[in-house]
Amino acid sequence: MAIIIKKQADIKPSEITPQSVYLDRRRFMQQSLVTGALLATDALLPAWAKRWPQLPASQFNTDETLNSFEDITTYNNFYEFGTSKSDPHRQAKDFDPRPWTITVEGECDKPGTFDLEDIIKQASVQEYIYRLRCVEGWSMVIPWVGFSLADMLKRFSPNSRAKYVEFTTLLDKSRMPGQKRRVLRWPYVEGLRIDEAMNALPIMAVGLYGELLPNQNGAPIRLVVPWKYGFKSIKSIVKIRFMETQPATTWNLSAPKEYGFYSNVNPNVDHPRWSQKKERRIGEAFWKPKHATKIYNGYGEQVAHLYAGMNLKKYF
Ligand code: MTE
């Protein structure tokens, strides 16, 4: 099926769903879900050209107040497009993320290079409203459009030697100008233990607020791991590798004492430069009290068992 996909820059402001319309649509969708009206992913695709249609809601959604589209798309960390929070939404404007392929390699029976559209066609796309907690001490609540990472990985048939999964961002200085500066080792790499990756929470996000994923948020596809600090949620992924040994990750290589491999949100383990006990919700007034940070970012019920018996101060 041929899909015409508009570039972000081609989408007129009038075509962008205002937040209020989006919220109404979501309320409607939640009501229709009660009556059991689920959408098949295939039926979603033609409309994907502009925006995602109403989607089923994930069972893990938080009902906290959403951050605005503006907050989510103008306050970003994406060093490939500059190191200040306001850089990515300006510097990623002309990034054209399509067509896009993901290469899957390593310890699996079905490696290959796959077109993103084919990956999405096989996926069960939903809306996932997750808290994102950054190690710098701020957080947001974001309505992602995405699908289960575990469901996708299973289709590549990882073998018994696959103990970890490594993710890699596109390396292309001409399209990602921030890569001309050696602020990090490029390309950006992240990783998960296989049981973390196979947990029901992590998603591959392909949109937010019902729109295609904005460039500054990691277009066209990024990882979201809601119980870990934001830097684990790697953007613009082009490669996935199943590995027997723990992958070397970008932030861990750049400052091993500050950024561990696990990076689980944990108010009891401080970062050397920042306490992790509290967080500021972006969009809230500065004079408002900060929120208490919860262990595993509040997702302990789903993930605490993954770390039973582990010393979380050592494996931070
Ligand atoms: N992925 C890549 N490729 N490059 C980056 O600089 N920054 C990380 C993560 N993923 C980053 C990345 C950090 S530090 C955070 S907090 C989140 O993206 C921010 O995601 P957001 O901009 O969508 O809020």
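Note that ligands are numbered from 1 as they come in the structure, with each ligand's atoms numbered from 1 the same way.
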Asker: Under 4.0 Å between a Lys/Arg side-chain N and an Asp/Glu carboxylate O for Glu136 and Lys85?
Answerer: yes
Asker: In the protein, what heavy atom is nearest to atom 17 (C) of ligand 1, and what distance, to one decimal place, separates them?
Answerer: Gly230 O, 3.5 Å
Asker: Just to be sure I'm reading this right: ignoring hydrogens, which of Phe167, Phe231, Tyr188 gets closest to atom 11 (C) of ligand 1? Compare them by their nearest heavy atoms.
Answerer: Tyr188
Asker: Mark yes when over 12 heavy atoms from residues, nucleotides or ligands other than Lys313 sit less than 6.0 Å from its NZ; otherwise mark no.
Answerer: no
Asker: Hey, is ligand 1 close enough to Trp144 that some N/O pair sits below 3.5 Å?
Answerer: no
Asker: Under 3.5 Å between any N/O of Arg222 and any N/O of ligand 1: does that happen in this structure?
Answerer: yes
Asker: Considering only NZ, NE, NH1 and NH2 on the basic side and carboxylate oxygens on the acidic side, decide whether Glu107 and Arg241 come within less than 4.0 Å.
Answerer: no
Asker: Counting each atom of ligand 1 from 1 as listed, which ones have a heavy atom of Cys134 under 4.0 Å away?
Answerer: 16 (S)
Asker: Provide, to 0.1 Å, the distance between atom 7 (N) of ligand 1 and the closest protein heavy atom, together with that atom's residue and name.
Answerer: Asn77 O, 3.2 Å
Asker: Is it the side chain, the backbone, both or neither of Thr169 that has a heavy atom closer than 4.0 Å to ligand 1?
Answerer: side chain
Asker: Looking at Lys232, Lys239, Arg222, which one forms a salt bridge (Lys or Arg N to Asp or Glu O under 4.0 Å) with Glu190?
Answerer: Lys232
Asker: Using heavy atoms and a threshold below 4.0 Å, how should the contact between Glu80 and ligand 1 be classified: side chain, backbone, both, or neither?
Answerer: side chain
Asker: Indicate yes or no: does an N/O atom of Ser233 lie under 3.5 Å from an N/O atom of ligand 1?
Answerer: yes
Asker: Run the salt-bridge test on Lys290 and Glu279 with the 4.0 Å N-O cut-off and return the result as yes or no.
Answerer: no
Asker: Determine the interplanar angle of the Phe114 and Phe156 rings, folded into 0 to 90°, and report it as parallel if under 30°, tilted if 30 to 60°, perpendicular if over 60°.
Answerer: tilted
Asker: Relative to the heavy atoms of Ile234, which atoms of ligand 1 are at a distance of less than 4.0 Å?
Answerer: 1 (N), 10 (N)
Asker: What part of Tyr79, side chain, backbone, both or neither, has a heavy atom within less than 4.0 angstrom of ligand 1?
Answerer: both
Asker: At what distance is the nearest protein heavy atom to atom 18 (O) of ligand 1, and which residue and atom is it?
Answerer: Lys235 CE, 3.4 Å
Asker: For atom 24 (O) of ligand 1, what is the nearest protein heavy atom, given as residue, atom name and distance?
Answerer: Leu132 CD2, 3.9 Å
Asker: Ion pair present between Glu80 and Arg175, side-chain N to carboxylate O less than 4.0 angstrom?
Answerer: no
Asker: When you look at CZ of Arg181, are more than 12 heavy atoms from neighbouring residues, nucleotides or ligands closer to it than 6.0 Å?
Answerer: no
Asker: Below 30° counts as parallel, above 60° as perpendicular, anything between as tilted: where do the rings of Tyr262 and Tyr315 land?
Answerer: perpendicular
Asker: What part of Glu136 sits under 4.0 Å from ligand 1 if we count only heavy atoms: the side chain, the backbone, both or neither?
Answerer: neither
